[in-house]
Chemist: 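Please see the structure below; I have some questions.
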Amino acid sequence: MNMMDEKKFEISNKLEKEQANLLLLQERITKSAQMAKGIDTILNTFEQRLSRLEDTILPVYNETENLQKSQHNIDRTLQLLDNVIGFYEVSSRVEDIIEKGPGVVSEGGIDLELYIQSLNRLARAQKYFEKHIPQSVELENVASLFNKGSDKLHFEFKCILDKHSKPMLPVALMNLLNNDEDTSNEDVPSAPPQIPDLHMQDLIKIANWLWENQRDEFLTVYGKVRGSVLQKSMTLLRNHQRSVSGGSNHGGMGSPMFRPKFQNRHEATRKPSTRRLHQVFEKKANRMLLKASQTLEHSTGLTLGGRRSSTHLDPSNATEELDSEQEMDNYLVCVLALHKLMQNEQNLMKGVISINHQAKVFELIVREAMDNIVQDGENIAARAKRCISRHDFGAVLIIFPILKQLLSLKPEFERTFEECDANVRSKFDSILRTLHATGVKALDDFIESLRLDSVSQLPKDGTVHELTSNVLMFLEQLLEYMDTIGRVLADDPNYSSQLEKLNVSDKSKAYIGLYIKKVLVQLNHTLISKSEQYSDAALKSIFRLNNNNYVLKSLQRSNLLELYLISEPKCEEYYYNSIQEHKKAYLQSWNKLLNYITTDDFPVNLQHTDRLKDKERAFLKEKFAGFNKEIEEMMKVQRGYSIPDVELRESLKRDNKEYIIPKYNAFYNIFSVVQFTKNPEKYIKYKPDEVVTKIDKFFDVAA
């Protein structure tokens with residue numbers, strides 16, 4: 001029961017608390033509603049006041065905005081009026097500046113920046129009057145002053161360019177070339193800059209302004225001025241070359257291909273610049289040529305400088321070809337120098353000339369110099385053709401080193417002319433085509449000249465024909481330019497068709513091998529034909545033997561044999577067989593002598609009787625006397641035969657002794673003891689060892 005009462009009491013207390021809380025909540029809700037109503041009233045009142053304020057302020061704001069716009073328009077109008085007034089006054093304000101001109105070069109001139117600013121003001125005024133008052137006097141004044149100022153700025157551009165565009169001295173130009181070539185420790189200074197940086201910046205500023213204002217005449221001016229400077233640099237180089245060479249090489253030694261190159265380059269009096277001038281080409285084209293000439297002289301024992309050649313290699317028909325070697329040196333140096341100068345010009349025009357116009361201006365710069373180089377190349381080719389017509393092929397050899405060097409330079413020239421007009425790019429190719437055609441003609445005509453050779457005389461002693469030695473020299477010289485000549489021959493369909501039959505990897509060697517074969521086959525035919533002029537069969541055989549042996553030894557001594565074997569694998573065997581055949585043919589010269597000492601057809605009783613009949617004694621006297629006469633006659637004649645090759649000479653003597661002495665021994669041993677004469681010393685003049693001594697004196701005119 002008590003628990004129930006306690007429970008009721010507890011519930012009653014909670015109910016009272018909840019009711020109290022509910023009353024409190026109701027009171028607060030009532031207050032909140034009252035506050036919301038008050039705020040709503042305040043907001044409504046504020047909105048009404050804002051509305052009244054907007055109605056009052058907005059017209060004022062609009063009016064203020066209109067006043068501000070009017071003020072802005074007035075300020076702008078005043079500014080425009082000031083500009084327009086300035087356009088009217090600009091002529092008078094900048095006239096003194098324009099009259100004085102820019103002061104980059106001339107004294108008392110105006111600062112370049114200020115001068116350009118003045119021109120810009122005139123340009124703006126001119127545009128204004130052209131647009132708004134095209135018939136006004138002010139336009140004429142402004143335009144006249146602007147044009148005058150533009151002309152002065154253009155003239156200033158030319159003056160700066162003229163003042164700082166000096167031709168490069170030969171020493172400086174050669175230093176540039178030597179910087180590429182010199183591997184020594186010698187200090188070679190670089191060439192000074194053509195235009196100082198400060199003035200270069202002025203040129204760039206002026207060029208930019210002229211281009212922006214449609215005054216593009218400066219492009220032509222730049223091209224002509226720099227082209228003139230380039231041409232003067234080349235002229236100075238040519239004059240320097242002439243002064244170094246003494247103006248002429250006339251009176252030099254023999255064919256130019258056989259003279260020592262740069263023979264004075266070690267003279268103590270030579271200046272360093274002159275020495276470097278010669279070193280440029282010496283490094284690029286001459287080193288191998290000199291080496292070949294020296295090797296040839298050492299191996300043949302011939303004095304190449306003083307030796308007179310046949311018409312195939314002798315330039316004695318005209319004095320101008322004596323200069324050909326120096327001309328080749330000078331021409332190649334000029335080509336290298338021109339290329340270096342053109343590269344310098346390309347670098348120099350960057351910044352001054354816009355990239356879109358650089359190719360056109362560059363063409364203008366190099367046109368005259370390139371034309372001269374092309375003309376020089378054509379002149380060399382023309383002189384070479386005249387040499388070909390005279391069969392002076394030694395002087396023609398300068399074509400190949402020039403062609404070789406130009407072909408090696410072709411990629412660099414193509415990069416230099418990459419953006420130029422096709423007409424300019426073709427000029428360098430025209431030199432190559434001309435020299436290429438001349439080289440083709442030289443090679444073809446050389447073979448034809450062998451076929452038609454009627455000038456050179458046969459040597460009286462049967463020695464190696466001058467034609468043979470000259471042909472081998474010519475072929476050895478060609479080895480220095482194997483790749484170049486390979487290109488020349490590759491364009492000939494005859495060689496191309498023959499090459500298809502050969503299984504080779506190096507086509508250049510194969511082409512040279514085919515040419516060597518063609519030359520030597522024709523040489524052999526010519527020599528055989530010429531040898532028919534000999535009335536002495538033995539001398540004819542000696543002549544053929546000497547020449548075949550010389551060809552074989554020359555082939556073996558040089559790289560010619562390796563190339564010849566490509567086109568004719570059995571060529572060496574052919575020459576060995578020919579030598580043996582000619583030796584056998586030569587031995588036939590002993591047949592008459594052998595008729596006197598061959599015992600096979602002697603009467604048998606001559607060897608077995610002590611008492612000879614008169615007829616038998618006369619027979620033996622005739623045999624001994626005939627032998628004596630024949631051996632003496634052969635001794636007299638064949639001492640005058642010449643066999644320059646020691647090995648061949650000794651082998652031929654040995655063959656003679658092996659062929660004759662055994663037979664003479666048999667004859668002598670049998671019949672020298674027979675009593676066929678009262679004067680044996682008259683008939684039995686030579687013992688076998690004395691015959692050996694006589695044979696040893698063959699082919700030796702001094703014996």
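FYI, side chains are in, hydrogens and waters are out, and symmetry mates aren't considered; it's all heavy atoms of this structure.
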Chemist: From Y576 OH over to L552 CG, what is the distance, rounded to the nearest 0.5 angstrom?
Modeler: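 If we round to the nearest 0.5 Å, Y576:OH and L552:CG are 5.0 Å apart.
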
Chemist: If you define the side chain from C-beta out and look only at heavy atoms, does anything of T526 sit under 4.5 Å from L452?
Modeler: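 No, their side chains stay 4.5 Å or more apart.
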
Chemist: Using the six-membered ring of Y659, assess whether NZ or CZ of K663 lies under 6.0 Å from its centre and within 45 degrees of the ring axis.
Modeler: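 Yes, a cation-pi geometry holds between K663 and Y659.
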
Chemist: Does a salt bridge link K653 with D696, judged by any charged N lying under 4.0 Å from a carboxylate O?
Modeler: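 The answer is no: the pair does not qualify as a salt bridge.
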
Chemist: Just by modelled atom types, is the L443 backbone N or O under 3.5 Å from a matching donor or acceptor in the Y515 side chain?
Modeler: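 Side chain of Y515 to backbone of L443, a donor-acceptor pair under 3.5 Å: yes, one is there.
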
Chemist: Indicate whether any N or O donor in one side chain lies under 3.5 Å from an N or O acceptor in the other, for E572 and Q556.
Modeler: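 On atom types as modelled, these side chains qualify, holding a pair under 3.5 Å.
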
Chemist: Please determine whether ring pair (Phe, Tyr, Trp, His ring centres under 6.0 Å) holds for the pair F543 and Y534, giving the CA-CA distance in whole Å, both sets of side-chain angles, and the decisive distance to 0.1 Å.
Modeler: CA-CA 9 Å; F543 175 77; Y534 286 114; 5.4 Å; yes

Chemist: Quick one: closest heavy-atom pair of S589 and Q638, and the distance?
Modeler: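 Answer, listing the atom of S589 first, then Q638: OG-NE2, 3.7 Å.
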
Chemist: Report yes or no: does S642 contribute a side-chain atom to a donor-acceptor pair with the main-chain N or O of T463 at less than 3.5 Å?
Modeler: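 No: the side chain of S642 does not pair with the backbone of T463.
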
Chemist: Of all the heavy-atom pairs spanning L539 and K460, show the shortest one and how long it is.
Modeler: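 Smallest heavy-atom distance, with atoms named: CD2-O, 3.4 Å.
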
Chemist: Between H436 and D491, is there a side-chain heavy-atom distance shorter than 4.5 Å?
Modeler: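 The answer is yes; the side chains approach within 4.5 Å.
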
Chemist: Is there a side-chain contact (heavy atoms from CB on, under 4.5 Å) between R451 and H525 once you walk through the steps?
Modeler: CA-CA 8 Å; R451 187 178 70 84; H525 290 163; over 6 Å; no

Chemist: Given 3.5 Å as the limit, does a donor-acceptor pair link the side chain of N548 with the main chain of R544, or not?
Modeler: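 Checked: pair present.
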
Chemist: Could you tell me if N379 and Q375 have a donor-acceptor pair between their side chains, going purely by distance under 3.5 Å?
Modeler: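 Yes, side-chain donor-acceptor contact under 3.5 Å.
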
Chemist: Measure the CD1-CD distance between I485 and Q477 for me, rounded to the nearest 0.5 Å.
Modeler: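 Output value for this atom pair is 10.0 Å.
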
Chemist: Do Y641 and D536 have side-chain atoms, one donor and one acceptor, less than 3.5 Å apart?
Modeler: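 The criterion, which ignores hydrogens and geometry beyond distance, is satisfied for D536 and Y641.
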
Chemist: Is it true that a side-chain atom of Y331 and a backbone atom of I373 form a donor plus acceptor pair closer than 3.5 Å?
Modeler: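 Present.
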
Chemist: Is it true that a side-chain atom of H465 and a backbone atom of Q457 form a donor plus acceptor pair closer than 3.5 Å?
Modeler: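 Side chain of H465 to backbone of Q457, a donor-acceptor pair under 3.5 Å: yes, one is there.
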
Chemist: Atom CZ in R649, atom CD1 in I542: separation rounded to 0.5 Å?
Modeler: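 It comes to 11.5 Å.
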
